[in-house]
Amino acid sequence: MAREDSDGWWRGRRGWLPALRRLRRPGWPRLAWLRDPRGEGDGTRPRARPRPTPLGLVAVALAAMFVTLLVLQPFVPDFRVGEEPTGEERTPAVEATPPPGTARVMVVGDSTVQGSSGDYTWRYRLWRHLDDGGADVEFVGPHEDLIDVNTDEGGSLDYADPDFDRAHAGRWGATAEDLAEDIGEHVAEYEPHYLLLVAGINDLVAGGSVRDALDHLAEAVATARVGRGDVQVVLGEVTPVWDTGRDEWTNERIHRFNRSLPALAERLTGEESPVVVARSAESYSPVEDNWDTTHPNARGELKIAAAFADTLAESLGLGEPYPRPLPEVEVGPTGSTEVSARETAGEVTLTWDPIPGATHYRVLQKRVRPDPDDRVPLPMEVDGAGGRDGQPRSATVDNLLSGATYEFSVRPFKGNDGGVRTEPVRVDVDDDPPGAPESVRVEGDGATLTWSRVAGAAHYEVWRRPLECEPGVDGDPECEPRDALGPDRGEGWTVGAIVEDGTEWTISPGGGSGHEFVVRSHRDYLAGGYSDPVAVAATD
């Protein structure tokens, strides 16, 4: 065999020596060959397929190595020579028919395949389309879980709708090179008729070349064929990214990768094993269709699923194309929760159970009475990561007005996408009014009204009304209050002033003769008690 360089191809990272080293991976002998792909293990879905042995796995790996050599040798010049790979904007024409009976489908790939807590996943949307359309399909694979978006740990089953064939072979963060290492095992175990393969983005963002990513994808297809020689393969385009800090650089590489997939598929297509391309990046807008930089939201899931459905139907004869126009779907976390509220000393503490898939929450506030205002988000954000292990989330709201009634609700977000806000909870804030002012008196020849400070009072109202006066015997007026009633029940009272700071008020330049005065404490909208009236006799 000709050698590429002084080290020789056989010692390169895709040569037979590294392949033999990979055979010794400790995980291989412990594979659960008869595992139910749903993870149920209840015997309701028996499999009659033969169980591979560890020795059989060695044979699979060795065969994969040599098949990969045969496949890549004529293919490498197109992607190894020159500065850029080239490709044609078309999916190769193939002739294929569905298998008799149930068609087994295995979806293989990276995080866009696996999905994270709170997602429907595009696997769900594709399975639902095929199943609703009458296609006899079964999704198979070694996993059924999601990544918990807040703990970065696998094992989550918090699907937005778990009622579908959840089995898959997706791995968060997997590169095409990673998938090429164990795809043969999975195909040998589950014997899928169809292999839906999405990979390459992690190779590209990690700095790998477009050429290498395509080579690893070709290697994955070649290895899969060792497990099943007539597997029909659909390669998915990599969807673009946004807000990564280097979007232009990354998306240009993604575009080159996608542009080269049809030529790669055409080269890899065999007589019994066609390879076609799903246009999953077509009309995909990462700003609208991703919940973060890379991962699809509900709209993105639908676009990816529709692309695979179209290719399966039009190129491989399985199912029907996805109806157009695509339906409108809501984005953001779909779960619901209830908010409870506790008011203490003018502060409100809100508590709620976490919603699967929510990366953070925003609190919305509305004053119901008095002086109703609009519902607005508060300048706070509650981290979803604090809700690990189902622990409740909470937020404390302060700077509320005493005596007012508020409504609070919580809106969950997954990345950039907001879900439906919770039902509002209503709270009366601080309904304990301040006491009545004491020691009300007139000083400074009747020009200044003073009183003692009231604990908890924020401002004061000064009320006044004229005394009832009659001429006296000696000509001086004789004045007295018209009744013993204060402003709450008596007549003739008017507000003379609102005192925001301090405990005194200048009555008027001429003093307050011939009037009586009452001071009332307030805290925001909460009115306190009235002081006893104090009268200032009329003078000539």
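Residues take their numbers from the sequence shown, with the count starting at 1. Please read these numbers as outputs of a predicted model, since none were measured by experiment.
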Any chance the rings of W172 and H295 have centres within less than 6.0 Å?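 They qualify: ring centres under 6.0 Å apart.
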Taking the side chain from D110 and the backbone from G173, do they hold a donor-acceptor pair closer than 3.5 Å?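 No, because the side chain of D110 does not come within donor-acceptor range (under 3.5 Å) of the backbone of G173.
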Would you say D165's side chain and A167's backbone share a donor-acceptor pair under 3.5 angstrom?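 Absent.
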Verdict with supporting geometry, W451 and Y460, ring-ring contact (aromatic ring centres under 6.0 Å, His included): CA-CA 10 Å; W451 58 91; Y460 303 89; 5.5 Å; yes
side-chain contact (heavy atoms from CB on, under 4.5 Å) with A135: which residues, sequence neighbours excluded?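 side-chain contact (heavy atoms from CB on, under 4.5 Å) list for A135, sorted by chain: L130, V137.
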Partners of N251 by side-chain contact (heavy atoms from CB on, under 4.5 Å), sequence neighbours excluded?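 Here the qualifying residues are P240, V241, D247, I254.
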Salt bridge flag under 4.0 Å for residues D119 and K414: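 Counted as a salt bridge, because a side-chain N and a carboxylate O are separated by less than 4.0 Å.
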Name the atoms and distances for all side-chain donor-acceptor pairs under 3.5 Å in residues 354-364, with sequence neighbours left out.
| from | atom 1 | to | atom 2 | distance (Å) |
| --- | --- | --- | --- | --- |
| T359 | OG1 | F413 | O | 3.3 |
| T359 | OG1 | G415 | N | 2.9 |
| Y361 | OH | I355 | N | 2.8 |

With sequence neighbours excluded, tell me which residues meet side-chain hydrogen bond (donor to acceptor under 3.5 Å, both in side chains) with R342.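 By the side-chain hydrogen bond (donor to acceptor under 3.5 Å, both in side chains) rule, R342 matches no residue at all.
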What residues form a side-chain hydrogen bond (donor to acceptor under 3.5 Å, both in side chains) with D158, not counting sequence neighbours?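 Residues passing side-chain hydrogen bond (donor to acceptor under 3.5 Å, both in side chains) with D158: none at all.
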Audit row: H216, T175, side-chain hydrogen bond (donor to acceptor under 3.5 Å, both in side chains) steps and yes/no: CA-CA 9 Å; H216 296 320; T175 63; over 6 Å; no
Step by step, would you call R166 with D161 a salt bridge (Lys or Arg N to Asp or Glu O under 4.0 Å)? CA-CA 10 Å; R166 300 187 298 264; D161 183 353; over 6 Å; no
Would you please classify the geometry between the W505 ring and the F517 ring as parallel, tilted or perpendicular, with 30° and 60° separating the classes?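 Aromatic pair F517/W505 classed perpendicular.
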Determine the sole option in R259, R279, K303 for which the salt bridge (charged side-chain N to carboxylate O under 4.0 Å, His left out) test with E237 is passed.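 That would be R279.
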Check salt bridge (charged side-chain N to carboxylate O under 4.0 Å, His left out) between E443 and all other residues, then give those that pass, not counting sequence neighbours.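 Per chain and number, E443 pairs via salt bridge (charged side-chain N to carboxylate O under 4.0 Å, His left out) with R441.
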Distance-minimising heavy-atom pair for F164 and Y120: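 So the two residues come closest at CZ-O, 4.3 Å.
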